[in-house]
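Both backbone and side-chain heavy atoms feed into the values below; hydrogens, waters and symmetry mates do not. Throughout, residue positions are numbered sequentially from 1 according to the sequence presented.
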Amino acid sequence: MAGKVFIRTFGCQMNEYDSAKIAGLLEASEGMTGTDTPQDADLVVFNTCSVREKAQEKVFADLGLLKRLKRERPELMIAVGGCVASQEGRAIVHRAPHVDVVFGPQTLHRLPELLERRRAGGRPQVDVSFPEIEKFDRLPEPKASGASAFVSIMEGCSKFCSFCVVPYTRGREVSRPFDDVIAEIAALADQGVKDVTLLGQNVNAWRGAIDGEPADFAELLRYVAELDGIERIRYTTSHPREFTQRLIDAHADLPALSPQVHLPVQSGSDRVLAAMKRGYTALEYRSIIRRLRRARPDLSLISDFIVGFPGETAADFEATLALAAELDFDGSYVFIYSPRPGTPAAELADDTPAAEKVERLQRLSALLEAQALAASQAMVGSVQRVLVEGPSARRAEELAGRTANNRVVNFRGDAALVDRFVELRVTGVRSHTLRGELGHAA
Ligand code: SAM
Ligand code: SF4
Ligand code: F3S
């Protein structure tokens, strides 16, 4: 099926990664090219997210908008993948009968075959099974675009936090083999990639074998850091439960490892953490951060928080605020708890009024934003190593790059600098970006 594909991605970086793989797969197997409007497309793919109710409802609302297109052009194929697909399966076709194919995060490599069967057999095709790691063996070779790349090192999650759909939508934790991960990063480095982000729901749950010996995530990082051309390593997301001393030591030993760590805490109250089944206490979380800061004094810590979990009292929330104030985060994500069908927390009594939850969200977000702004302001005057990404979003004659702690810096410079590291002096702070100047030795 040559022609054009429009891919819309909802949700997290795992979905972003999968969408890039879907595009590569359709190009390799069908000769399809991308388009950025559905009106132009022969195939529309929605790669969906169901982590909160709003995310899921947005998918159905946007699918509704495609109904008219399908009526006008019945040959237009519509495919729904990702976590809503995984959770809802065939129910998607009942709710949105104009959908032709439903595929899951673990069956995306079967998309060409499902489309083919739909065209041949007439019936909508649904395959949201979990053939585990098979998908990686059936995807085209990685192709770099620019100096940064994402590499998935594990799939799924086995933690079963009481509020979360991910273990149900993406299946249990499965690690990609060491050799495959290293081969993929080395292939990307050969194509000019310098900055790699290792992806997974809990990357520090990665387990593998190196030369027949069992290996953990900390060891994997040490091997990635050895690869020629790789100068910056990030990973997301990690989990406090497996944040071992070995991993903290890797932060002390590996300069390529980004000082920005995304380590979701969710709550500062032990009572709430236990009800969430997170498997750690607030004290244990504090201890990890204290040791991480000792290893990397320039640590830039970001986190996820849920407010309004069933039964969260004003005192529980104050404990979260106190933890945030004490640990000094560098920006974070705050969500209001959203009950998800099929998860244990959805059965819990929840008597906090909605307005109270919104107020908690606002108070915590205001604190976290002020902390991030203060961290940006503290960077003014410093010299930062920045990977240049391309023209700046606002002014085409300027360039934009990223610091080690993941801030965008805009500056004047020659386009030949794109995809290279430069040293910039930070000269000012805008609301979400920095300004910088070239010509300063580190
Ligand atoms: N695996 C990561 C971890 O446990 O740290 C997080 C993955 S989850 C896709 C991203 C974030 O969404 C979570 O850290 C949590 O804050 C939030 N989240 C997940 N389920 C939620 C729910 N039912 N309501 C509100 N926020 C939720
Ligand atoms: Fe969801 Fe918890 Fe797994 Fe994170 S660790 S994906 S919050 S179940
Ligand atoms: Fe959403 Fe699935 Fe990611 S639920 S956040 S797309 S793992």
*Test Phe178 against Trp206 for side chain to side chain contact (heavy atoms under 4.5 Å, CB included), laying out the working first.*
CA-CA 10 Å; Phe178 172 77; Trp206 184 89; 4.0 Å; yes
*Heavy-atom check, side chain of Tyr285 versus side chain of Leu263, under 4.5 Å*: yes
*Looking just at side-chain N and O atoms, do Arg407 and Ser376 make a donor-acceptor pair shorter than 3.5 Å?*
yes
_As an exercise, state the distance from CG of Leu76 to CZ of Phe6, rounded to the nearest 0.5 Å._
11.0 Å
*Taking only residues two or more places apart in sequence, or in another chain, which ones meet Asn410 in a side-chain hydrogen bond (donor to acceptor under 3.5 Å, both in side chains)?*
none
*Kindly state each residue pair satisfying ring pair (Phe, Tyr, Trp, His ring centres under 6.0 Å) with at least one member in residues 25-79, sequence neighbours excluded.*
Phe10-Phe46
*From Arg222 atom CZ to Glu226 atom CD, the distance as rounded to the nearest 0.5 Å*: 10.0 Å
*Interatomic spacing from CD in Gln384 to CG in Leu434 - rounded to 0.5 Å*: 8.0 Å
*asked:* Less than 4.5 Å apart, side chain to side chain, heavy atoms only: is that true for Ile22 and Phe103?
replied: yes
_Quick check against the 3.5 Å criterion: does Thr433 have a side-chain atom that pairs as donor or acceptor with the backbone of Arg430?_
no
_With no hydrogens and no angle check, just 3.5 Å: does a side-chain donor-acceptor pair link Asn204 and Ser238?_
no
*Is the gap between the ring centers of Phe329 and Phe305 under 6.0 Å?*
yes
*Keeping the roles fixed (side chain from Ser267, backbone from Val272), state whether a donor-acceptor pair exists under 3.5 Å.*
no
*Do Phe217 and Leu198 come close enough that some side-chain heavy atom pair is under 4.5 Å?*
yes
*Between the side chain of Thr48 and the main-chain N/O of Val84, is any donor-acceptor distance below 3.5 Å?*
yes
*More than 12 non-hydrogen atoms from neighbouring residues, nucleotides or ligands closer than 6.0 Å to CD on Glu57, yes or no?*
yes
*Look only at the side chain of His98 and the backbone of Arg68, and say whether a donor-acceptor pair between them is shorter than 3.5 Å.*
no
*asked:* Are more than 12 heavy atoms, taken from residues, nucleotides or ligands other than Arg73, located less than 6.0 Å from that residue's CZ atom?
replied: yes
*Please walk me through it: do Glu231 and Arg385 pass salt bridge (Lys or Arg N to Asp or Glu O under 4.0 Å)?*
CA-CA 11 Å; Glu231 295 184 52; Arg385 192 154 185 264; 2.5 Å; yes
*With Lys4, which of Asp42, Asp36, Asp40 fulfils salt bridge (charged side-chain N to carboxylate O under 4.0 Å, His left out)?*
Asp40
*Evaluate whether atom CD of Gln39 has more than 12 neighbouring non-hydrogen atoms of other residues, nucleotides or ligands under 6.0 angstrom away.*
yes
*Is any side-chain heavy atom of Lys277 less than 4.5 Å from a side-chain heavy atom of Phe163?*
no
*Worked verdict on Val151 versus Leu199 for side chain to side chain contact (heavy atoms under 4.5 Å, CB included)*: CA-CA 6 Å; Val151 172; Leu199 287 181; over 6 Å; no
*Check side-chain hydrogen bond (donor to acceptor under 3.5 Å, both in side chains) between Arg278 and all other residues, then give those that pass, not counting sequence neighbours.*
Tyr280
*asked:* Counting neighbours of CZ on Arg412 that are heavy atoms of other residues, nucleotides or ligands and sit closer than 6.0 Å, is the number greater than 12?
replied: no
*Lys357 side-chain N/O to Gly308 backbone N/O, donor-acceptor pair under 3.5 Å*: yes
*Go through Val99 and Leu63 one step at a time and tell me if the side chain to side chain contact (heavy atoms under 4.5 Å, CB included) criterion holds.*
CA-CA 8 Å; Val99 169; Leu63 268 181; 4.1 Å; yes
Indicate every side-chain donor-acceptor pair of residues 181-193 with a distance under 3.5 Å to a residue at least two apart or in another chain.
unit_1	atom_1	unit_2	atom_2	d
Glu184	OE1	Arg176	NH1	2.9
Glu184	OE1	Arg176	NH2	2.9
Glu184	OE2	Tyr17	OH	3.2
Gln191	OE1	Ala144	N	2.8
Gln191	NE2	Pro142	O	3.1
Gln191	NE2	Ala187	O	3.3

*Would you sort out whether Thr169 and Ser86 count as a side chain to side chain donor-acceptor pair (under 3.5 Å), showing the intermediate values?*
CA-CA 5 Å; Thr169 61; Ser86 182; 5.2 Å; no
*Give the ring-plane orientation class for His251 versus Phe243, where under 30° counts as parallel, over 60° as perpendicular and anything between as tilted.*
parallel
_Residues that Arg271 engages under salt bridge (Lys or Arg N to Asp or Glu O under 4.0 Å), provided they are two or more places apart_ = Asp316
_Arg52 to Phe335 six-membered ring, cation-pi geometry met (6.0 Å, 45°)_ = yes
*What do the steps show when you test Gln125 against Arg119 for side chain to side chain contact (heavy atoms under 4.5 Å, CB included), and what is the final call?*
CA-CA 10 Å; Gln125 297 290 314; Arg119 264 185 253 107; over 6 Å; no
_Validation row, ring centre His262 to ring centre Tyr333 under 6.0 Å_ = yes
_According to side-chain hydrogen bond (donor to acceptor under 3.5 Å, both in side chains), who are the partners of Gln56, at least two apart in sequence or on a separate chain?_
Glu88, Arg340
*asked:* So, applying side chain to side chain contact (heavy atoms under 4.5 Å, CB included) with Thr320, which one of Val265, Val334, Leu364, Val307 is it?
replied: Leu364
*CG of Asp304 to OG1 of Thr237: how many Å apart, nearest 0.5 Å?*
6.5 Å
*asked:* With a 4.5 Å cut-off on side-chain heavy atoms, are Leu387 and Ser148 touching?
replied: yes
*Would Asn405 and Ser300 count as having a side-chain donor-acceptor pair, cut-off 3.5 Å?*
no
